[in-house]
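Read through the structure below, which is laid out as structure tokens, and then see the notes.
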Amino acid sequence: MSKEPFLQISKRRNGMKWQERLGVRFIALILSLIVCGAVIVALVKMNPVDVYRAIWDGAMGTERRMWMTIRDTMVLLCIAIGLAPAFKMKFWNIGAEGQILIGGACSAAVMIYAGDKMSPVLLLIVMLIASILGGMIWGMIPSVFKAYWNTNETLFTLMLNYVAMQVVTYCIVFWENPKGSNTVGIINQATQTGWLPQLFGQKYGWNVVIVLILTVFIYLKYCKQGFEIAVVGESENTARYAGIHVKRVIIRTMAISGAICGIAGFVIVSGASHTISTATAGGRGFTAIIVAWLSKFNTFIMIAVSFGIVLMQQGAVQIATQYGLNENASDVLLGIILFFLIGAEFFINYKVKRTKR
């Protein structure tokens, strides 16, 4: 006689209502903060409320810190938006880092070679177009191989990140300033040509406008392309039966994904760092995967998730300065929060009940 399990797990047939899903995630967030507080008390004997306050102060305590947080949130949000269409099609684009680098390198090239040959407005438009085309081409390369030869897109896009780093390194050989450095320095620092200007008196105002335009872009949700992406993601055979040109959809979707990541490269180079290096993407291409997945590809939810992650990252410096803690302490807290939020998805999709004896 076999022994019955203590708990029974079954998939929810109808799923939860949005209010219930929100409630589960809120409970997960509260539990994660409680656990984070226990870890803080156990390891460093500090009041967790004070540590949370220091994190908030490090990210939002002054106007300058607040705008730096907004700037980094917009970049992370832009990349997550770029990943969403590919992930919705179940094309696992792990190459956002490379697409950002190529887009940023295209912007930098236009700044360097055409900075004194165009009007400021035309220069910015050309930089944006160049970044879009650069990211688009870099995104289309793995999609062509996937569409025609069924290559593994995860490995292909991942390896292209390292190729992009070498491309940027090669460019820096010709652009480096001063000689022997691993960066080109601040591009057009004297003239600021190619830099996004202030908007409403704010240095990063255009960053916000550009990314928010992408955020409210409802193209993928309501038009034919969005329907085709969803069908191809569910089943390529079903898509073919429905008369959808699968190869075309795969390539077109990755062109969109790469183009938006290329825009992120433009925003970083023109609107934030004003330089290009192999560290321009800064790992945000991988962090954006978490943002897109946790948000279920909803761009408005991505705003909140992106802000939360950047808030913890920016607050890390304040923790290190104020309490003498390692900056990685904030990463530990962020990891705990993400663990609970990801765990909440299990309870949203599955029911757990005690077996009747």
Side-chain angles (χ1 to χ4, degrees), residues 71-89 91-109 127-128 130-146 151-172 175 182-184 207 210-211 214 253-295 297 302 305-306 309-310 313 331 334 338:
R71 177 199 69 187
D72 291 349
T73 298
M74 291 299 104
V75 172
L76 184 58
L77 174 61
C78 184
I79 302 166
I81 292 171
L83 292 176
F87 283 178
K88 192 174 182 181
M89 190 179 61
F91 187 105
W92 310 117
N93 180 14
I94 315 298
E97 291 273 309
Q99 292 148 27
I100 297 163
L101 284 175
I102 295 300
C106 290
S107 280
M127 287 172 60
L128 178 60
S131 297
I132 290 173
L133 291 176
M136 180 185 296
I137 293 170
W138 211 251
M140 288 175 65
I141 293 172
S143 68
V144 170
F145 279 82
K146 174 69 174 181
T151 56
N152 186 306
E153 73 274 12
T154 304
L155 290 176
F156 205 128
T157 53
L158 181 63
M159 292 301 102
L160 279 180
N161 290 334
Y162 299 100
V163 177
M165 291 178 66
Q166 296 306 314
V167 170
V168 170
T169 301
Y170 182 80
C171 292
I172 290 173
W175 299 341
N182 62 349
T183 177
V184 295
N207 300 36
I210 292 171
V211 178
L214 291 173
T253 303
M254 271 304 292
I256 294 171
S257 183
I260 297 175
C261 290
I263 292 174
F266 166 77
V267 170
I268 294 171
V269 171
S270 180
S273 66
H274 312 301
T275 187
I276 184 70
S277 74
T278 54
T280 291
R284 284 173 286 205
F286 298 109
T287 306
I289 296 173
I290 301 174
V291 175
W293 191 86
L294 282 178
S295 307
F297 315 130
M302 286 180 194
V305 177
S306 299
I309 291 177
V310 172
Q313 291 173 339
D331 292 333
L334 178 59
L338 291 176

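These values consider heavy atoms only, across backbone and side chains, with no hydrogens, waters or symmetry-generated copies.
Atoms CD1 and SG, from Ile102 and Cys171 in turn, are 7.5 Å apart once rounded to the nearest 0.5 Å. In this structure, CD in Glu97 is found 9.5 Å from SG in Cys261, a value given to the nearest 0.5 Å. Atom CG of Leu214 and atom CD1 of Ile263 lie 5.0 Å apart (nearest 0.5 Å). For the atom pair Arg71 CZ and Ser273 OG, the distance stands at 8.5 Å (nearest 0.5 Å). Taking CG from Leu83 and SG from Cys78, the interatomic distance works out to 10.0 Å, rounded to the nearest 0.5 Å. The distance from atom CD1 of Ile79 to atom CD1 of Ile260, rounded to the nearest 0.5 Å, is 11.5 Å.
Residue Gly98 comes nearest to Ala164 through the heavy atom pair CA-CB, 3.5 Å, listed as atom of the first residue, atom of the second, then distance. Between Ala292 and Met302, the closest heavy-atom pair is CA-CE, 4.1 Å. Minimum interatomic distance between Leu101 and Met165 (heavy atoms only, all atoms of both residues): CD1-CG, 3.6 Å. Heavy-atom minimum distance, Trp175 versus Ala105: CH2-O, 3.7 Å. Closest heavy-atom contact between Ala80 and Ala288: N-CB, 3.7 Å. Nearest heavy-atom pair, Ala130 versus Cys106, reported as atom, atom and distance to 0.1 Å: O-CB, 3.5 Å.
Using a 4.5 Å heavy-atom threshold, the side chains of Val291 and Leu77 count as separate. Contact annotation: the side chain of Ile94 approaches that of Ile289 to within less than 4.5 Å [non-hydrogen atoms, C-beta and beyond].
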| field | Stepwise side chain to side chain contact (heavy atoms under 4.5 Å, CB included) check, Leu338 with Leu294 | value | CA-CA 9 Å; Leu338 291 176; Leu294 282 178; 3.6 Å; yes
| task | Could you go through the side chain to side chain contact (heavy atoms under 4.5 Å, CB included) check for Ser277 and Val168 one step at a time? | result | CA-CA 7 Å; Ser277 74; Val168 170; 5.7 Å; no
| task | Could you please spell out the steps behind the side chain to side chain contact (heavy atoms under 4.5 Å, CB included) verdict for Leu158 and Phe286? | result | CA-CA 10 Å; Leu158 181 63; Phe286 298 109; 4.1 Å; yes
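In this structure Ser107 satisfies the side chain to side chain contact (heavy atoms under 4.5 Å, CB included) test together with Met127, Ser131, Phe266, Val269, sequence neighbours excluded. Not counting sequence neighbours, the partners of Thr253 by the side-chain hydrogen bond (donor to acceptor under 3.5 Å, both in side chains) test are Gln225. Residues satisfying the ring-ring contact (aromatic ring centres under 6.0 Å, His included) test with Phe156, not counting sequence neighbours, are Phe145. Looking at residues two or more places apart in sequence or on another chain, you find a side-chain hydrogen bond (donor to acceptor under 3.5 Å, both in side chains) between Glu153 and Lys146.
Remark: the backbone N or O of Gly271 is paired with a side-chain donor or acceptor of Asn207 at under 3.5 angstrom. Between the side chain of Thr157 and the backbone N or O of Thr154, at least one donor-acceptor pair lies under 3.5 Å.
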Let me check something: any side-chain donor-acceptor pairs from residues 135-143 under 3.5 Å, sequence neighbours excluded? List them with distances.
| from | atom 1 | to | atom 2 | distance (Å) |
| --- | --- | --- | --- | --- |
| Trp138 | NE1 | Leu160 | O | 3.3 |
| Ser143 | OG | Met140 | O | 2.7 |

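A side-chain hydrogen bond (donor to acceptor under 3.5 Å, both in side chains) check over residues 281-293, counting only residues at least two apart or in different chains, returns nothing.
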